[in-house]
Amino acid sequence: MSLKIWLNGALVDEADAKVSVFDHGLLYGDGVFEGIRVYDAKIFECQAHVDRLYESAKGIRLVIKMSKEELISAMEETVKANGIENGYIRLLVTRGVGTLGLNPFICKNSCVFIIADNIQLYPEELYETGMKIISAVTVRNHPLAVPPQIKSLNYLNNILAKIEALDNDVPEAIMYNHMGFVAEATGDNVFIVKKGIVYTPPVEAGSLGGITRSVVIELAKKENIEVIEKNLTRFDLYSADEFFLTGTAAEVIGIVEIDGREIGEGKPGPITKLLRKKFFDYAHS
Ligand code: PMP
């Protein structure tokens, strides 16, 4: 079935949803985006995603010429037009059409488009068995380069780490920061459990401020599970009782092996399973 894409103010057929080869989003990865879930025809954590998009845009001096309310209506319209009950929205704002030079201020009109589709990131059985992953050699962006908190269209750094994972026949890789502390996975945030306490690296360690991460932290606290944000080393991951990743697409997924070291009992642990269940209850509430 052909999708309806929202492009600069109107819904168009997928085949007609085209952007210019002079768009700086394409020429330079100059733009920002969001990936958002739809559960039961409702946009999940909509305000948080839109707020993050505007913050990312501000970070790269990109002006979105729409209000947050207009953007939310456009997303709702796109979800409806494609009959999405449970799916995924990709919302992009590129710098727009410019010249072949770098100067972003020549681009007068940012380009906004919204895709609403179905999604399955990892095979269903991986959520039961847990996932095996590796540590990537590729270091997460230095905070004084493109800050990792900006969800920019420039994902090459993460793609290099993803290639390392795929070369090793696993779906994900952990990225460390320039000081050797855990930053995040290529598209997900990192959590471990040790002696009943949940630990996650602070965002300043070099991760995107994940919205699933925030939801899971709140859900854990509601279950009276202590959550501590602190720098984690590779050894902390190796010696964890439980290990899981969170992200819009991945939701909550247990990790059972990293770099050939088994985690805990080699299957998703009880706190991982509990938080995964609580996440779904909350998403569908
Ligand atoms: N880190 C990176 C690099 C991401 O791209 C994402 C989103 N896929 C996340 C973390 C998780 O963030 P969220 O829960 O907001 O999707």
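Residue numbers start at 1 and run along the sequence shown. Both ligands and their constituent atoms are indexed starting at 1 by order of listing. The analysis underlying the following values was restricted to heavy atoms, covering all of them including side chains, and did not include hydrogens, waters or symmetry mates.
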For Tyr155, the ligand 1 atoms whose distance to one of its heavy atoms is below 4.0 Å: 2 (C), 3 (C), 4 (C), 5 (O)
Nitrogen or oxygen of Arg213 less than 3.5 angstrom from that of ligand 1: no
Same apolar cluster: Leu91 and Val38, side chain cutoff 4.5 Å: yes
N or O contact, Gly35 vs ligand 1, cut-off under 3.5 Å: no
Within 6.0 Å of NZ in Lys230, more than 12 heavy atoms from elsewhere: yes
Atoms in ligand 1 flagged as close to Thr248, the criterion being non-hydrogen separation under 4.0 Å: 13 (P), 14 (O), 15 (O), 16 (O)
Full working for salt bridge (Lys or Arg N to Asp or Glu O under 4.0 Å) between Arg37 and Glu251: CA-CA 9 Å; Arg37 280 268 180 181; Glu251 298 168 315; 3.7 Å; yes
Aromatic ring proximity Tyr155/Phe33, centre distance under 6.0 Å: yes
Contact with ligand 1 for Arg52, non-hydrogen, under 4.0 angstrom: yes
Between Tyr39 and Tyr282, ring centroids under 6.0 Å: no
Asn158: numbered ligand 1 atoms lying under 4.0 Å from its heavy atoms: 3 (C)
contact_flag Val215 ligand 1 heavy-atom lt 4.0 Å: no
Closest approach of any protein heavy atom to atom 11 (C) of ligand 1, naming residue and atom: Asn189 OD1, 3.6 Å
Minimum-distance protein heavy atom relative to atom 2 (C) of ligand 1: Glu184 OE1, 3.4 Å
Neighbour count above 12 (heavy atom, 6.0 Å) for Glu70 CD: yes
Side-chain heavy atoms of Ile253 within contact of Phe244, under 4.5 Å: no
Where ligand 1 meets Gly210 - atom numbers and elements under 4.0 angstrom, heavy-atom basis: 12 (O), 13 (P), 14 (O), 15 (O)
Closest protein heavy atom (residue, atom, distance) for atom 6 (C) of ligand 1: Gly187 O, 3.1 Å
Single-linkage hydrophobic cluster, 4.5 Å side-chain cutoff, Leu11 and Ile84 together: yes
Cluster overlap Ile36 with Leu71, hydrophobic side-chain contacts below 4.5 Å: yes
Closest approach of any protein heavy atom to atom 14 (O) of ligand 1, naming residue and atom: Thr212 OG1, 2.5 Å
Residue part near ligand 1, for Thr186, under 4.0 Å between non-hydrogen atoms: backbone
